[in-house]
Amino acid sequence: GNNGAEYTGNIISNLSNTNSSGGAVKVYGMIYAPTATVNLTYPKFERNWIYNLSTQSNGTTTVVGGMLISGGININLYNNMISLGSTQTQNAILNGIEQTSGGVTAYFNSVRMTGTASGGASDAIAYNYNVASGSAFTLRNNLLYNDRTGGTGQKFALRMSMGAIPAYDATRGSHNLLYSAGANFAQFGAINYNTLAGWSGACGGGDPATTSKTAQVAFTTATDLHTSDLDVRNCGIAIAGVTNDFDNTVRPACIDIGCDETVVVPGTTYTWVGAIDDRWCEPCNWDRESVPGATDNAVIPPSKVRYPVLQTGTGCGNVTINDFTVQF
């Protein structure tokens, strides 16, 4: 590879290894493992779509992986969409993104482990930090999602368990959505965590509840991870130099988590998201990314972390709208 090499806009799908011998079968969508690091500076993987990779082998070392990052250099992962497991029923280790060496800066990726294993104890991991030397990584605005079922293996959104684990505080890990349908959603060292507060406290303060979250998300399909789910809406953070989404749409001032930025269509019903704070007059607290006006309808849905408070200030205190609905 050369300085600034880019791997952009590839679709890699429906790869299958039919070897059913139970050996160490491995199927990957993309592997970055240069044998020499001279003149390699921050290669970029952006807007790649990887899905439906599978193997018929059920060996304990069988691996199905979206991206494997190795080679001892620093790379950037932006706006990639990876979904594995919907066609993988045999027991196999599933890694959405696996980092085995080198530094990774990952922004706005959507990674999903899904489907059902017919048995076995292999783990499924959306982001697997599997490095022995303590290489750094930064995760922001990523949707790391695991709703895979079956078997007895762990279903992690994020795993950091090898060697000298690097610092992972709020400057390196924030504004992510981590979810698992299993008993635990993250692992740090050899300990599993099933709450965001426990995970953040153990890993040094990364993914604090003030910026990151855990929630179920509705996707377009098992492999198409576009979503307009309110739990990813407007709660991301701006990243310099990463201004477009998976579809090459320019991200607005209210930024979503994950690779897909919802395009707001005209309408008069505004649903409260509460992505920023409790201010009625904050545009990013509403799904339409603007504050409802006198002819608009406001809907306050249940189960939100924050609810609107009318406060002193223009548009925050005494406001007029057309209709007001509070759902329970």
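- For the 3.5 Å distance criterion, the side chains of Ser54 and Ser16 qualify, holding a donor opposite an acceptor.
- Annotation: Asn318, atom CG; neighbour count of heavy atoms from other residues, nucleotides and ligands within 6.0 Å does not exceed 12.
- Applying the disulfide (SG to SG under 2.5 Å) test to Cys254 and every residue at least two apart in sequence or in another chain returns Cys284.
- The hydrophobic clustering, which links ILVMFWY residues whose side-chain heavy atoms are closer than 4.5 Å, places Met160 and Leu196 together.
- Criterion: ILVMFWY side-chain heavy atoms under 4.5 Å apart, direct or through other members. Under it, Tyr179 and Leu158 are not part of a common hydrophobic cluster.
- When all heavy atoms are compared, the tightest approach of Met30 to Ile12 is CG-CD1, 3.4 Å.
- Within the 4.5 Å cutoff, the side chain of Tyr32 has heavy atoms near those of the Ile75 side chain.
- A donor atom on one side chain and an acceptor atom on the other are found under 3.5 Å apart for Asp207 and Ser212.
- With side-chain heavy atoms closer than 4.5 Å counting as contact, directly or through intermediates, the hydrophobic cluster containing Leu230 also holds Val273.
- The CD1 atom of Ile276 lies 12.0 Å from the CG atom of Asp278; values are rounded to the nearest 0.5 Å.
- Atom-to-atom distance recorded for Asn130:CG and Ile69:CD1 is 13.0 Å, nearest 0.5 angstrom.
- Taking the side chain as every heavy atom from C-beta outward, Pro283 and Glu289 never approach each other to under 4.5 Å.
- Val305 belongs to no multi-residue hydrophobic cluster, having no ILVMFWY side-chain contact under 4.5 Å with any other such residue.
- Residues Pro34 and Ser70 approach most closely at CD-O, 3.7 Å, considering heavy atoms.
- A side-chain donor-acceptor contact under 3.5 Å links Gln88 to the backbone of Thr55.
- Leu225 and Leu77 fall into different hydrophobic clusters, where Ile, Leu, Val, Met, Phe, Trp and Tyr are joined by side-chain heavy atoms under 4.5 Å apart, directly or via other members.
- In this structure, Phe137 and Tyr168 have parallel ring planes: the angle between them is below the 30° cut-off, well short of the 60° mark.
- For the pair Ser83 and Ala222, the tightest heavy-atom approach, listed with the atom from each and the gap, is OG-O, 2.6 Å.
- Residues passing the disulfide (SG to SG under 2.5 Å) test with Cys203: none are found, sequence neighbours excluded.
- Residues Arg112 and Asp147 are paired through a salt bridge, judged by an N-O separation under 4.0 Å between the basic side chain and the carboxylate.
- Applying the salt bridge (charged side-chain N to carboxylate O under 4.0 Å, His left out) test to Asp260 and every residue at least two apart in sequence or in another chain returns nothing.
- In summary, the side chains of Thr62 and Ser57 do present a donor paired with an acceptor at a separation below 3.5 Å, with no hydrogens or angles considered.
- Under the 4.5 angstrom side-chain criterion for Ile, Leu, Val, Met, Phe, Trp and Tyr, the cluster partners of Tyr270 are Trp272, Trp280, Trp286, Val291, Ile300, Tyr307, Leu310, Val319, Ile321, Phe324, Val326, Phe328.
- The distance from the CD1 atom of Ile93 to the CG atom of Asn95 is 7.0 Å, given to the nearest 0.5 Å.
- Residues passing the salt bridge (charged side-chain N to carboxylate O under 4.0 Å, His left out) test with Glu261 are Arg251, sequence neighbours excluded.
- Applying the side-chain contact (heavy atoms from CB on, under 4.5 Å) criterion to Thr211, with sequence neighbours excluded, gives Ser174, His175, Pro208.
- For the 3.5 Å distance criterion, the side chains of Thr149 and Thr116 qualify, holding a donor opposite an acceptor.
- Residues Asn141 and Ile239 have side chains in contact (heavy-atom distance under 4.5 Å, counting atoms from C-beta outward).
- Asn128 and Arg159 are linked by a side-chain donor-acceptor pair at a separation below 3.5 angstrom, with hydrogens and angles left out of the test.
- A donor-acceptor pair shorter than 3.5 Å cannot be found between the side chains of Thr262 and Ser228.
- Note that OG of Ser101 and CD1 of Ile73 are 9.0 Å apart. Values are rounded to the nearest 0.5 Å.
- If you run side-chain hydrogen bond (donor to acceptor under 3.5 Å, both in side chains) between Asn14 and each of Thr87, Thr223, Asn52, only Asn52 comes through.
- The shortest non-hydrogen separation linking Gly96 to Leu84 is CA-CD1, 4.1 Å.
- Side-chain contact, Asp123 with Gln154: no donor N or O sits under 3.5 Å from an acceptor N or O.
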Next on the checklist: Quick one, Phe246 with Phe108, criterion ring pair (Phe, Tyr, Trp, His ring centres under 6.0 Å). Give me CA distance, side-chain angles, the key distance, then yes/no.
Outcome noted: CA-CA 9 Å; Phe246 176 83; Phe108 294 110; over 10 Å; no

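- With contacts defined as side-chain heavy-atom distances shorter than 4.5 Å, the pair Asn142/Val111 does not qualify.
- When the side-chain hydrogen bond (donor to acceptor under 3.5 Å, both in side chains) test is applied to Tyr129, no partner is found at least two apart in sequence or on another chain.
- Between the side chains of Asn10 and Asn48, at least one donor N or O sits under 3.5 Å from an acceptor N or O.
- Here NZ of Lys44 is found 4.0 Å from CD of Glu6. Values are rounded to the nearest 0.5 Å.
- Closest of all the heavy-atom pairs between Phe156 and Asn146 is O-ND2, 3.0 Å.
- The backbone N or O of Ala275 lies less than 3.5 Å from a partner atom in the side chain of Asn285, making a donor-acceptor pair.
- Applying the ring-ring contact (aromatic ring centres under 6.0 Å, His included) definition to pairs two or more places apart or across chains, those involving residues 60-95 are Tyr78-Tyr107.
- When the side-chain hydrogen bond (donor to acceptor under 3.5 Å, both in side chains) test is applied to Glu282, the partners found at least two apart in sequence or on another chain are Arg279.
- Taking 4.5 Å as the limit, some side-chain heavy atom of Leu177 sits within range of a side-chain heavy atom of Val217.
- For residues 290-299, every residue pair satisfying the side chain to side chain donor-acceptor pair (under 3.5 Å) rule, not counting sequence neighbours, is listed here: Asn297-Asn322.
- When all heavy atoms are compared, the tightest approach of Asn234 to Asp256 is N-OD1, 2.9 Å.
- Separation of atoms CZ (Arg47) and CG (Asn109) is listed at 12.5 Å; rounding is to 0.5 Å.
- For the pair Asp229 (side chain) and Asp231 (backbone), a donor-acceptor distance under 3.5 Å is present.
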